[in-house]
Amino acid sequence: MSQDYAGVAVLAPVTIAYERYSDHGAAWFIGRCVAELLSATGIDKAQLDGLAVSSLTLAPDSAVSLSEHFGMTLRWAEHLPMGGASAVVSLRRAARAIQAGDANVVACVAGDTQVKGGFQSLIENFSRFSAEAVYPYGAAGPNTVFALITRAYMDQYGATREDFGRLCIAQRDNASHNPLALLRRPLSMQDYLDARPVAEPVHLYDCVMPCAGAEGFLVTSTERARSLGLPYAELLAAEERHNAWPEDPVQLRGGWAQFRDALYATAGLGPGDMHFVQTYDDYPVIALQQLEDLGFCAKGEGPAFLRNTDLRCTGELPMNTCGGQLSAGQAGFAGGHLGTVEALRQLTGQALGQQVAGAKVGLASGYGMVNYDRCLCSAAAILGAQDR
Amino acid sequence: MNDARPLELQVCRHCARVQYPAREVCRDCLGGELERQAVDSAGELLSWCRLHASLEPWFQQRLPWIVVSVRLHAGPVVLAHWSGDEPVIGQTVGVQWTSDHEGRDVLTAQARG
Ligand SMILES: [Zn+2]
């Protein structure tokens, strides 16, 4: 078992409001997020000595370029190419830096812009494997890969479109309370089922809306957070896996199933103790796999679990309590930070939308980088309120 | 899709593992000598999708478009264009190289009895 994360404080959930398209560059969203992190905490820019950045549209710049752009001298910098797993991974890296004394205050930020017509070149050149072995097959981006996974999952475990619809509808209900969500209008099962097909069996409401925006949080010591009088959450456990289960012909499980036992053992808690879960929901089938692989139900029982479990903020297992990416939008790699930032909001009583009553511990999960026929990075963190 | 050619993929000279997509080194032994060789062109259909949207005009004019994933008996999982009636998960298919509208080498699969 890994060493614990004692003494680490996670604080200052910040979202830079999402826009469908923007003329600003990624550095604008990341820079404005850093500014908000500082103003929300009263920490001076000169005191911020660590920066972890994740972005799809910042290239060719990186966390290093941003130190100059933002006029910051850093003791510690990380640039994470892990897409939707970057939030949890940057949190793990930052937590160890705090424990080791390599940094005092670390900002973990993901931000991206979205320019009209810019999506195609990003998709076409996402990875060497996908440029050669996915893009030429219809030029439909990740929809192709996830439609293949969705159909294989439906065939293997008997899931129906209605099952995925239940997940999307519950998340839309959560989003209806979040003023920053791009999609807030209630979604009915009929709306869901009648939506236009995109890559059958994937239809419109199974897809996220790409947008511009940023998400970020700070990591420091509990001692420093207390001395500043700032509300924080503690990191109880975190794990990551890359290229888990490489011999599975179709990705019907992720790395979560490999580290779940270690994750809960480190936290001294089980899935039944979680007051909410923030899954990575680029497509509903992936969120459902996380519920299975993280032990909320057995493998293959996800569809039945959705029929019997209310995922709304007031339900038995509140999931993606700000609406998730399916309703809030996917601001590039910031989509992976959305869940961690929302978990932090819930645990520090700062929900933008509905507050989950009595939320003291929760799980945030990440998933990223579709290199060929699946995403390679899985990660998850269990966070606890300071007065739990 | 035309100009069908037999299925050749990279094979490791050291451990004989068949590779796809093309690599610089072997995914098993990390050997650096990979040679294109003829491999068994049959496989099992793992999944399929019917595209109704594409980023490229050539496909946009031909929607809906079916793409399949196949686990070759030779080992790798490949994505391929589909030729024929609606696919069925688990069916045996054959895969070969073809040239697409841009002259790229692409894989095409169809039912095999
Ligand atoms: Zn080899």
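This is a predicted model, so every value here is computed, not measured. Each chain gets a letter, A, B and so on, in the order the sequences are listed, and its residues count up from 1.
Side-chain contact check for Tyr135(A) versus Leu55(B): some heavy-atom pair is nearer than 4.5 Å.
Considering all non-hydrogen atoms of both residues, Ala152(A) and Ser47(B) come closest at N-OG, 3.5 Å. Counting all heavy atoms, side chain and backbone alike, His52(B) lies closest to Pro197(A) at CB-O, 3.3 Å. The shortest non-hydrogen separation linking Glu24(B) to Arg128(A) is OE2-NH1, 3.2 Å. Contact record, Arg151(A) with Cys49(B): NH2-CA, 4.3 Å, taken as the closest heavy-atom pair. Shortest non-hydrogen contact noted between Leu51(B) and Ala199(A) is CD2-CB, 3.6 Å. Looking at every heavy atom in both residues, Phe59(B) comes nearest to Pro136(A) through CZ-O, 3.2 Å.
Residues of residues 82-96 of chain B lying under 4.5 angstrom from chain A, judged on non-hydrogen atoms, are Ile89(B) by number. Taking non-hydrogen atoms and a 4.5 Å limit, the residue list of residues 139-148 of chain A in contact with chain B, ordered by number, reads Ala139(A), Ala140(A), Thr144(A), Ala147(A), Leu148(A).
Looking at Ile66(B), neither its backbone nor its side chain comes within 4.5 Å of chain A, counting heavy atoms on both sides.
Aromatic ring pairs are classed by plane angle as parallel below 30°, tilted from 30° to 60° and perpendicular above 60°; the pair Tyr372(A) and Tyr20(B) is perpendicular.
With respect to chain A, the highest number of heavy-atom pairs below 4.5 Å among Leu46(B), Val68(B), Val78(B) belongs to Leu46(B). Chain A forms more heavy-atom pairs under 4.5 Å with one residue of Pro64(B), Gly75(B), Ala53(B) than with any other, namely Ala53(B). Taking chain A as the reference chain and counting heavy-atom pairs below 4.5 Å, the highest number among Pro76(B), Ser54(B), Ser69(B) is found for Ser54(B). For chain A, the option among Glu44(B), Arg62(B), Glu102(B), Glu56(B) with the highest count of heavy-atom pairs below 4.5 Å is Glu56(B).
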